[in-house]
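What follows is a set of notes on a single structure, which appears directly below.
We name chains A, B, ... by the order of the sequence lines, and we start the count at 1 in each one. For the numbers below, each heavy atom of this structure counts, side chains included, while hydrogens, waters and symmetry mates do not.
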Amino acid sequence: MKPWTASLMALVAATAFAAQGTQDQIRAGAALSRVSPALEAYTRNALFGDLWKRPGLSRRDRCLVTLATLITRNQTAELAFYLDLALEEGVKPQEISEIITHLAFYSGWGNAMAAVNVAEPVFVRRRITAAQLPPAAGPHLPVDATAEATRVVNTQRAIGPEFPGLLHFTNDLLFQDLWLRPALAPRDRSLITISSLVASGQLGPFSNHLNRAMDFGLTETQATEAITHLAFYAGWPHAVSALPIAKDVFGRRPH
Amino acid sequence: MKPWTASLMALVAATAFAAQGTQDQIRAGAALSRVSPALEAYTRNALFGDLWKRPGLSRRDRCLVTLATLITRNQTAELAFYLDLALEEGVKPQEISEIITHLAFYSGWGNAMAAVNVAEPVFVRRRITAAQLPPAAGPHLPVDATAEATRVVNTQRAIGPEFPGLLHFTNDLLFQDLWLRPALAPRDRSLITISSLVASGQLGPFSNHLNRAMDFGLTETQATEAITHLAFYAGWPHAVSALPIAKDVFGRRPH
Amino acid sequence: MKPWTASLMALVAATAFAAQGTQDQIRAGAALSRVSPALEAYTRNALFGDLWKRPGLSRRDRCLVTLATLITRNQTAELAFYLDLALEEGVKPQEISEIITHLAFYSGWGNAMAAVNVAEPVFVRRRITAAQLPPAAGPHLPVDATAEATRVVNTQRAIGPEFPGLLHFTNDLLFQDLWLRPALAPRDRSLITISSLVASGQLGPFSNHLNRAMDFGLTETQATEAITHLAFYAGWPHAVSALPIAKDVFGRRPH
């Protein structure tokens, strides 16, 4: 059975699917139809029947965008369902682990710790072992020396000598450690970063990070669809506020 | 017994009120006096004794503003109490259902799903039946063709051809479907939309939606009181940041 | 045993520490290592081994910044741990109580009520009595008449006669009551206020409140470290967005 079908079936309270997480999903589906038949229909038709099937952004990538949004907003009630969906859609356990770690820095430690509490029973139920997780330390990805030199200058300018601690952590911890961890591809790391920025309404660094994402291989179509996806998961106003910045970035890049 | 009195009594841990949700409220009131006698006093005197009794915005409308704030911020712990209060103050079950559906789009799907989980036991306890809920689909409200033509042009301009998916969803799903559902009056739909924008700090579309709310019949006094109410429920900074925009909107409308 | 050690030990699932809250912390530490060994290492080394030990801001003050962030963001899962840590680091029960009360106004009533629910079992477990809490009403701190006269003019200008209710509450309730309550020093009240503003991305009043904090005795070094601390707890983008405003405030003050 396709996991995609399962998520839809759970939402309409199907009982056939055998995964252990399904009972919660059936209950959630029953509550949804008990409170809002309209929202249930929108979820079935517009969200899963239309948005998630749109070309231009894979379902795996849509899972990354969704997880980044839920973790950034501390929306733990929905998180277990989407962790299961992500794992079914091909997101690896090591990538889930690394997404949570990355978002500790980009959305706040408390969000990551709350996500850990939701992910742990999912990992236990699926018998995900320590060997499947990224190690605490290990070899880093290679660095593009030119890009990194520019990045250092920009960081120095943005933070400044008035904030020596933040400068130290940003250089040594974020860009010369976290971003170089190999368990999550830089393009995926950038995709969850821009999703987190939109989800939290923190658009100051959005332009820089969208450019970085596209330097790492995210296409304009994928970025466009990611923002469209965010309209549903972060709310229309958050997504719409990112549009002028995205259009500006698209317009300035070589075509 | 007036429900208004009940909410006050619950907060001071009264035991006389017979509603089934009251036990939780008594516990909440006891915890409050155990941790902060000052906050308990502010809640009793400033919040319920002053703010909620101010003229200019009905208690029913204050319930809409409060529910929109709590749902938008995923504050599920307080939501059950205010759902009960809203139902006692005359907000209909179909309106509750529709508010949650509306805020899925305006504040993100995860917030609405979390609200569903809180509303479901409230609906069950109060024996609210499916017949009292808005159907998933049905006749729409009539459209003001002139206003809608302007809206289409503005949407086209704001989103642009670079985002065809978002343009499609905004036109077909939001404005030509969701906003036309009859279970919630357009004026109330606008009131929860502007409340949600303030509660999430998304003031980009606030001016447009405040004008829309006033076109639908929200008075300047009601808008003023709604923002005052939001100071308490969304925090002072969120409310204050909306003031210059609101004053500008008030000043430009015909008097 | 130093409580500082305890929090570290709990994170690595030590069993020796006898405090009653520790079982939860051990479980949290186990979940963390089960989901992300990297985040566990960052928590042990970068967060508690480096950030929390930096000079320039005491651990007690770091607890205030952290509590303000968690309460403002409704991150209840982590709150109990940090309430215990704060009490071990010398934050008094009356100060905890007052922080929650203050943040009802600055971050929204629902956040404070959720924090009450987390604090109550911590207070019960630690046998904190009503005599240790600030009374609902009592003598106020003395007012600096000159500064208050300026504040009244600024408030009048910022809110305006269009919002008589908000003006009334801001003057009578916030500045002539809440801010004058003696259970939390004005400097600490300002520190949690600026932390809350950064944590919620509400930077409109940040400049005013940072100046106010420094007028009350917060040093430039302490403010710098508080923002650095916020990078970890509110996420990098939130902290970085406050930097230009902070630099501007620092530059304009007499040195």
Contact origin within [X] toward chain A - heavy atom pairs under 4.5 Å:
{"X": "C/A234", "result": "backbone"}
{"X": "C/I227", "result": "side chain"}
{"X": "C/N45", "result": "neither"}
{"X": "C/A199", "result": "neither"}
{"X": "C/Y82", "result": "neither"}
{"X": "C/A41", "result": "side chain"}

With only heavy atoms counted, which part of [X] is less than 4.5 Å from chain C, the side chain, the backbone, both or neither?
{"X": "A/L174", "value": "side chain"}
{"X": "A/H102", "value": "neither"}
{"X": "A/T170", "value": "both"}
{"X": "A/N111", "value": "both"}
{"X": "A/L197", "value": "side chain"}
{"X": "A/P134", "value": "backbone"}
{"X": "A/V122", "value": "neither"}

Looking at every non-hydrogen atom in both residues, tell me the closest pair between [X] and [Y] and how far apart they are.
{"X": "A/L133", "Y": "C/R34", "answer": "CD1-O, 3.1 Å"}
{"X": "A/G108", "Y": "C/R73", "answer": "CA-NH1, 4.4 Å"}
{"X": "A/A158", "Y": "C/K247", "answer": "O-NZ, 3.4 Å"}
{"X": "A/F163", "Y": "C/T224", "answer": "CD2-CG2, 3.4 Å"}
{"X": "A/Q202", "Y": "C/S241", "answer": "OE1-OG, 3.8 Å"}
{"X": "C/E78", "Y": "A/G110", "answer": "CG-CA, 3.9 Å"}

Taking atom [atom1] of [X] and atom [atom2] of [Y], what is their separation to the nearest 0.5 Å?
{"X": "C/Q75", "Y": "A/M113", "atom1": "CD", "atom2": "CE", "result": "11.5 Å"}
{"X": "C/W236", "Y": "A/I159", "atom1": "CH2", "atom2": "CD1", "result": "8.0 Å"}
{"X": "A/E98", "Y": "C/L39", "atom1": "CD", "atom2": "CG", "result": "9.5 Å"}

Fit a plane to each ring of A/F105 and C/F232, take the angle between them on a 0 to 90° scale, and name the class: parallel (under 30°), tilted (30 to 60°) or perpendicular (over 60°).
tilted

Looking only at side chains, do C/T43 and A/W109 share a donor and an acceptor under 3.5 Å apart?
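Per modelled atom types, C/T43 and A/W109 side chains form a pair under 3.5 Å.
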
Using a cut-off of under 4.5 Å for heavy-atom pairs, which of A/L178, A/I96, A/D172 has the most such pairs with chain C?
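Option with the greatest count: A/L178.
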
Comparing A/N117, A/T76, A/I128 against chain C, the one with the most heavy-atom pairs below 4.5 Å turns out to be A/I128

Taking the side chain as C-beta and beyond, is there a heavy-atom pair between [X] and [Y] under 4.5 Å?
{"X": "C/L243", "Y": "A/L166", "answer": "yes"}
{"X": "C/Y42", "Y": "A/L173", "answer": "yes"}
{"X": "A/I100", "Y": "C/S36", "answer": "no"}

Distance-only, no hydrogens or angles: does the A/S97 side chain make a donor-acceptor pair with backbone N or O of C/V35 under 3.5 Å?
yes

